[in-house]
Structure formats: structure tokens, C-alpha cells
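Here is the naming used below: chain letters follow the sequence lines, and residue numbers restart at 1 for every chain.
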Amino acid sequence: MTGWAGCAILVGKFMVTVRFAPSPTGYLHLGSARTALFNWLYARHTGGRFLLRIEDTDRTRSDPKFLEGILRDLRWLGIDWDGEPVYQSQRFALYRQEAEKLLAQGKAYMDGGAILFKVEKGRTIEYEDIVHGKISVATDEIKDQVLIKSDGSPSYNFACVVDDANLAITHILRGDDHISNTPKQILFYEALGLAPPRFGHMPLILGPDGSKLSKRHGGVSVEEYRKEGFLPEALVNHLILLGWFPGEEHEILAPEEAVRLFDIADLNAVQAKFDIQKLRWLNAEHIMRKKTEDLLPLIKEQLSAAGLDFAGLGGDHLLKLIDLYKVRMKTLREFVSLTECFFRDDFNVEEEGRKKYLDKAESKENIGLLADRLEALEEFTAAAIEEACRRLAEEKGLKPVSLIHPARMAVSGRTSGAGLFEMMELLGREKVLTRLRGASR
RNA sequence: GCCCCUGUCGUCUAGCCAGGACUAGGACAUCGCCCUUUCAAGGCGGCAACACGGGUUCAAAUCCCGUCGGGGGCGCCA
């Protein structure tokens, strides 16, 4: 044992130590993200440690590129880890050493160059699962287990046990898909003379149709949701709600609140379906709650990704625009289509709205009259525009809406959106007049 | 096939462990109303569930058994 690991064991006696152990063979999946999240919440809630272990024993499938992506996505989610990650690929000697101990004790045997663990039949392995309660399995169901493969690399279950013990892990929270690995691992702890940690198996996330969450259900990687314009706090919030209930007053949670309220004992035992609708709602709620200046860089990313030029707009201008639309978007990406008319003159025009509000001669005439009034305005502010608009309506004996609706169409190409007068102020007199005049002809 | 986990509104769930206060509560979605220049946001209201069948009990969503359904596992993958 190294000095560091010895120290870890000491600390482990007093402190919760959990880990997330991704395998760098792909992107960070929503299910893995949730596993990482709950481990992290537990560590932060208890003041314990959250470690990262990279399970890169399969050298042909592992790729540093995947690892980079996983670490980036974890950081994006706000999940930070303690110390440096541990790489299993660098610890083969340790696994072999432990396996040879078992070999020497007659608990394991050689077979075709591999070291196999002998499973004693006729026993029942029982343990108290944190989320499921008592789970028991007959050893008759378990065949002899590979410890070290013939190529010298450790098997998943064995490396896992050696490392969890070595890192002094106190609680293992992982997906239900590991339930059947646990009795095997308990057998290893026993054979090595080690006390097993506490285990908790969380139900897997399912797709909307109840089958395994997969690509055909849409996004399954954290990265896709990031690009789509979801806030990390919203994704975290939804992942949390899929398996843990913070209480009716606490459905919309900031990560700090989640850390404060989280209790491992409340983890749900039932598999949940991923609900994109609820995620979208949560995202909208988190966007509304976020300070506009904090939204600014994120919105800029979306605009750049859409190839829109916002350099001409003053920073203040963009802030006002975000203010106008932050209660209207479900994702950051939606901002782009919602505000198209602010960034280009050849914006899309809704066909229905055109027929209803722009094609009529009366509308054209009214739009023209409104343009005249706005041109004469001293100050081009929302308040002044509104006053002019309402006065014109009154003088003409019209309802204000018969002016407002066509004007909104002329100016934005949409029947929905922010308040017309605020939009006009932000657009500026020149563009507003051009568009109104264009529609009045 | 064998083993393991799991079943409350369409979805996420509260209630279950310690049976009665449950006419089963909340949230998302949906529908309607209010507010309103539209759309959102916000407010108010509607629809909607204890998988099924047996027990135990004065009393079952809650305890027990079975059936059915869903998921996972049974690799020298992780």
C-alpha cells in the first residue's frame, strides 16, 4: 500500500467517500450523469469526498478523447471531484498482486493463463441495499469468476473491488444494472479479508416508451442537451427528480439547495421515464430565474452557433432583448428563432398571420398612418410609441388591437412575441419605419 | 430459459417501513377561465391513478401469497 492510500483508509473511517467510475469508451450518458450526480450530492451533503476513477482497462475501446468529453460534461454540470482521477490502466500490478494472494490461499486457480476465483456453492449472499433493502442471491447462481484475464488485464468486478477497498470507498451508489455484480464483489471482499462498503442501487432511467433509454428517444448524452440550450442546473434538477423527491415545495432546485436537502435514504426504488416536457419546463424556470447578465454569454454562444452577427448590437442592447424574451423561451436555442427579426431584415414571415393581418387594404392603410405618427415622434421610446398608437386608434375610431396586430406582423413577421412597443423601441425607428412602410404598400 | 429488482393519474411523484385522519395530495403535460396588444409568464379551476386476483384484519394503496406487466443480469465488456 502506498502512503497516500493508507491515509485514505484512515480518513475513510470518519468520512463518507464515494466515487464515480466512468469508462472512457463513449460520451457521458444521462444515466451515468445521474449516477455521478447522486454520488456527488451525497459527498457534498455529508462533507465527504467524491473521487473519480477511470475504468480504462479495455485499452482497445478506451480513448482519451472520450475521457476529455466526460470530464468537460461533469464540470459543466457543476460536478467537481476531489484529488486527481485514478486510472485503472496504471494499476495492473496491484490487481495481479491481490489475485496472487488468493491463488496462494487456494481461493483461486489458474485456467488457460487466466486467474479464476472459486465460488463456493450452497451459500446465500445477503446484503442490505440502501435503496432496495435486503437483497439475497444463492451462490449456486454464480459461476467461478475471472480475476485476471489471460492477457494480464483485470476483470471489471475484481479491479472494482481492489480499487474501492484501496481508495477506502464507504458507499457505492450505482445503477441497478450492477445488482447482480454485487454478490460477486462481496465474495471478493470476503476472500481478501476486507469489509465491504455499503451498496445502493439506483433504478435505471427509461425512455418515454418505457424501454431502455437509447438514441432513438432523442438525446442521450449530456453534450446534446448542452448544445440544445439547456442550462446545467435544469438538467441536474430533472435528473434529481428522477429518483428522489425533495418535497413539494422544492421541485425547482438550485444545486446548492439539492446539496443541502439530499438524503441517501430517500432514493427511489422505481425506474423512471425520462420526461423531456418536464425538462423543458424546468429549463424555462431556471432561465427565468437566472440573471440576464449571466444569460448573456450563453445567448451569444447560441447566436454564434446559428451564424448570426450580433457584433453590431451594443452589449446593452442584447441585454434588453434577453430581458424581453427570457420568460418566453424553453431553451436557449429558441432565443434565436424567437428574435430573428432583430438580427436580419429577411426574417421569416408567418403565412397565417400575413393573410389575417397584412393582406387587407384597411390594414395597409392603418400601418401607413402609424408609420407617419412614429416618424414624427420626438423620443422613440416604448411609452411614446404606445401613446401615439393609442391616440391614432382613438382618432380613427379603431380598437388599438386593429393597429397593434398588423404592426406586429409587419415588424416581426410573427403573431406572437414580446410586447409590440418594447420590440419597436429596441428595433429602432429606422427599421420600424422601413418595415411598416414596406407592409403598407 | 434461470436469477435479481420493480409496479399509485399520460409522466415524475407524496402516502407504504410503524394499516384507520385518503372523498389518494402535489408537479409536468392537457383542457377551460382570469389577466392582457399577441405569445409567454402569473393566478384560478377541470380531467385523470392505488396492475389484477386471493388472503390477514373491525379496517388494506399500506401486511402476506399468487398472476400479469416493466426493467436488469447471466462475457477473459465495463
Worksheet item: Just how far, in rounded Å, is C1' of C74(B) from CG of Asp177(A)?
Response: 13 Å
Worksheet item: Counting only Watson-Crick or G-U wobble pairs whose two distances fall under 3.5 Å, which nucleotide matches G19(B)?
Response: none
Item to complete: Please answer whether the main-chain N or O of Ala284(A) pairs with a side-chain N or O of Lys326(A) as donor and acceptor at a distance below 3.5 Å.
Response: no
Discussion item. Counting the atoms with a prime plus P, OP1 and OP2 as sugar-phosphate, which does Leu420(A) contact under 4.0 Å by heavy atoms, base, sugar-phosphate, or nothing?
Written reply: base
Discussion item. Which nucleotide wins on minimum distance to the side chain of Val270(A), given the candidates U6(B), G72(B), C76(B)?
Written reply: U6(B)
Item to complete: Run the ring-centre check on Phe20(A) versus Trp40(A) and record whether the distance is less than 6.0 Å.
Response: no
Worksheet entry | Pairing partner (Watson-Crick or G-U wobble, both distances under 3.5 angstrom) of U37(B) | none
Worksheet item: For the side chain of Arg414(A) and the base of U38(B), is some donor closer than 3.5 Å to an acceptor across the two?
Response: no
Fill in: Nucleotide G72(B), atom P - distance to NE2 of His201(A) in whole Å
15 Å
Response to the item:
Checking N1-N3 plus N6-O4 or O6-N4 for Watson-Crick, or N1-O2 and O6-N3 for wobble, each under 3.5 Å, the partner of A48(B) is none
Item to complete: Rounded to whole angstrom, note down the C1' distance from G55(B) over to C33(B).
Response: 49 Å
Worksheet item: Are OP1 or OP2 of C28(B) and a side-chain N or O of Lys273(A) less than 4.0 angstrom apart?
Response: no
Worksheet item: Choosing from A29(B), C12(B), U37(B), which nucleotide comes nearest the side chain of Gln277(A)?
Response: A29(B)
Item to complete: Rounded to whole angstrom, note down the P distance from U57(B) over to G46(B).
Response: 40 Å
Discussion item. When both hydrogen-bonding distances must be under 3.5 Å and the geometry is Watson-Crick or G-U wobble, what is U57(B) paired with, if anything?
Written reply: none
Worksheet item: Of all the choices, C12(B), U8(B), C5(B), which nucleotide is nearest to the side chain of Asp176(A) once you look at every atom?
Response: C5(B)
Worksheet, complete the sentence: Taking A78(B), C5(B), U38(B) as options, the one with an atom nearest any side-chain atom of Ser416(A) is U38(B)
Discussion item. Using only atom types and a distance under 3.5 Å, with no angle test, would you say the side chain of Ser412(A) pairs donor to acceptor with the backbone of Met409(A)?
Written reply: no
Fill in: Spacing between Ile179(A) atom CD1 and C74(B) atom P, to the nearest angstrom
13 Å
Worksheet entry | Atom CD of Glu352(A): over 12 foreign heavy atoms under 6.0 Å | no
Fill in: Backbone N/O of Ala382(A) and side chain of Glu425(A): donor-acceptor pair under 3.5 Å
yes
Discussion item. Nearest whole Å is fine: how far is C76(B) P from Gln145(A) CD?
Written reply: 8 Å
Worksheet item: Between U23(B) and A61(B), how far is it from one C1' atom to the other, in whole Å?
Response: 15 Å
Item to complete: For a ring pair (Phe, Tyr, Trp, His ring centres under 6.0 Å) with Phe117(A), tell me which candidate from Tyr189(A), Phe158(A), Phe188(A) qualifies.
Response: Phe188(A)
Worksheet item: Quick one: is C39(B) close enough that its OP1 or OP2 comes under 4.0 Å of any side-chain N or O from Lys330(A)?
Response: no
Worksheet item: Given the C1' atoms of G7(B) and C39(B), what is the spacing between them in whole Å?
Response: 40 Å
Fill in: Output field: ring centroids His317(A)/Phe310(A) closer than 6.0 Å
no
Fill in: Check: Pro255(A) main-chain N/O paired with Glu233(A) side-chain donor or acceptor under 3.5 Å
no
Item to complete: Using a heavy-atom cut-off of under 4.0 Å over every strand shown, decide if Tyr325(A) touches base, sugar-phosphate, or nothing.
Response: nothing
Worksheet item: The side chain of Leu206(A) lies closest to which of these nucleotides: A78(B), G71(B), A29(B)?
Response: G71(B)
Worksheet entry | Listed nucleotide nearest any side-chain atom of Ser180(A), set U13(B), G73(B), A78(B) | G73(B)
Worksheet item: Which part of the nucleic acid, if any, lies within reach of Arg61(A) when heavy atoms closer than 4.0 Å are counted: base, sugar-phosphate only, or nothing?
Response: base
Discussion item. Could you tell me how far U67(B) sits from C4(B) if I compare only their P atoms? Round to whole Å.
Written reply: 13 Å
Item to complete: Please measure how far the C1' atom in G15(B) lies from the corresponding atom in C63(B), and state the result in whole Å.
Response: 16 Å
Worksheet item: Would you say a side-chain N or O of His178(A) is under 4.0 Å from OP1 or OP2 of G73(B)?
Response: no
Worksheet item: Considering only side-chain heavy atoms of Val146(A), which listed nucleotide, C76(B), C4(B), C77(B), is closest?
Response: C76(B)
Worksheet item: With a 4.0 Å cut-off on heavy atoms, is Glu350(A) in touch with a base, just the backbone sugar-phosphate, or nothing at all?
Response: nothing
Practice prompt. Could you work out which one of G70(B), A78(B), U37(B) sits closest to the side chain of Gln271(A)?
Written response: G70(B)
Worksheet item: Does a donor on one side chain sit under 3.5 Å from an acceptor on the other, for Arg174(A) and Thr182(A)?
Response: yes
Response to the item:
Rounded to whole Å, CG of Leu253(A) lies from C1' of C12(B) at a distance of 13 Å
Worksheet entry | Ser136(A) side chain to Ile125(A) backbone, donor-acceptor under 3.5 Å | no
Discussion item. Applying a 4.0 Å non-hydrogen cut-off, can you work out what Gly210(A) is touching in the nucleic acid: base, sugar-phosphate, or nothing?
Written reply: sugar-phosphate
Practice prompt. State whether Lys184(A) places a side-chain N or O below 4.0 Å from either non-bridging phosphate oxygen (OP1 or OP2) of C74(B).
Written response: no
Discussion item. Does the structure show a Watson-Crick or G-U wobble partner for A27(B), both distances under 3.5 Å? Name it, or say none.
Written reply: U11(B)
Worksheet entry | Atom P, compared across G71(B) and U8(B): separation rounded to whole Å | 14 Å
Discussion item. What is the distance, to the nearest angstrom, from the CZ atom on Phe245(A) to the C1' atom on U11(B)?
Written reply: 14 Å
Fill in: Length of the OH-C1' vector between Tyr357(A) and C39(B), whole Å
11 Å
Worksheet item: Pick the nucleotide of RNA chain B nearest each of Gly243(A) and Thr25(A); which residue has the one closer to the 5' end?
Response: Gly243(A)
Item to complete: Send over the distance from Leu242(A) CG to C28(B) C1', rounded to a whole Å.
Response: 12 Å
Fill in: Partner nucleotide of U62(B) by Watson-Crick or wobble geometry (both distances under 3.5 Å)
none
Practice prompt. Could you work out which one of G75(B), C28(B), A78(B) sits closest to the side chain of Lys143(A)?
Written response: G75(B)
Worksheet item: Counting any heavy atom closer than 4.0 Å, what does Ala114(A) reach on the DNA or RNA strands: base, sugar-phosphate only, or nothing?
Response: base
Discussion item. As a test of reading the structure: which of C28(B), G73(B), C5(B) is closest to the side chain of Lys278(A), going by heavy atoms?
Written reply: C28(B)
Response to the item:
Comparing Arg390(A) with Glu141(A), nearest RNA chain B nucleotide closer to 5' gives the residue Glu141(A)
Worksheet item: Distance between the C1' atoms of G69(B) and A51(B), in whole angstroms?
Response: 7 Å
Worksheet item: Is any side-chain nitrogen or oxygen of Ser136(A) closer than 4.0 Å to OP1 or OP2 of C4(B)?
Response: no
Discussion item. Does Lys399(A) reach a base, just sugar-phosphate, or nothing at all? Heavy atoms under 4.0 Å.
Written reply: nothing
Item to complete: For Ser150(A), report the nucleic acid contact type (base, sugar-phosphate, nothing); a contact means any heavy atom under 4.0 Å.
Response: base
Worksheet item: Given A14(B), is OP1 or OP2 found less than 4.0 Å from the side-chain N or O atoms of Asn268(A)?
Response: yes
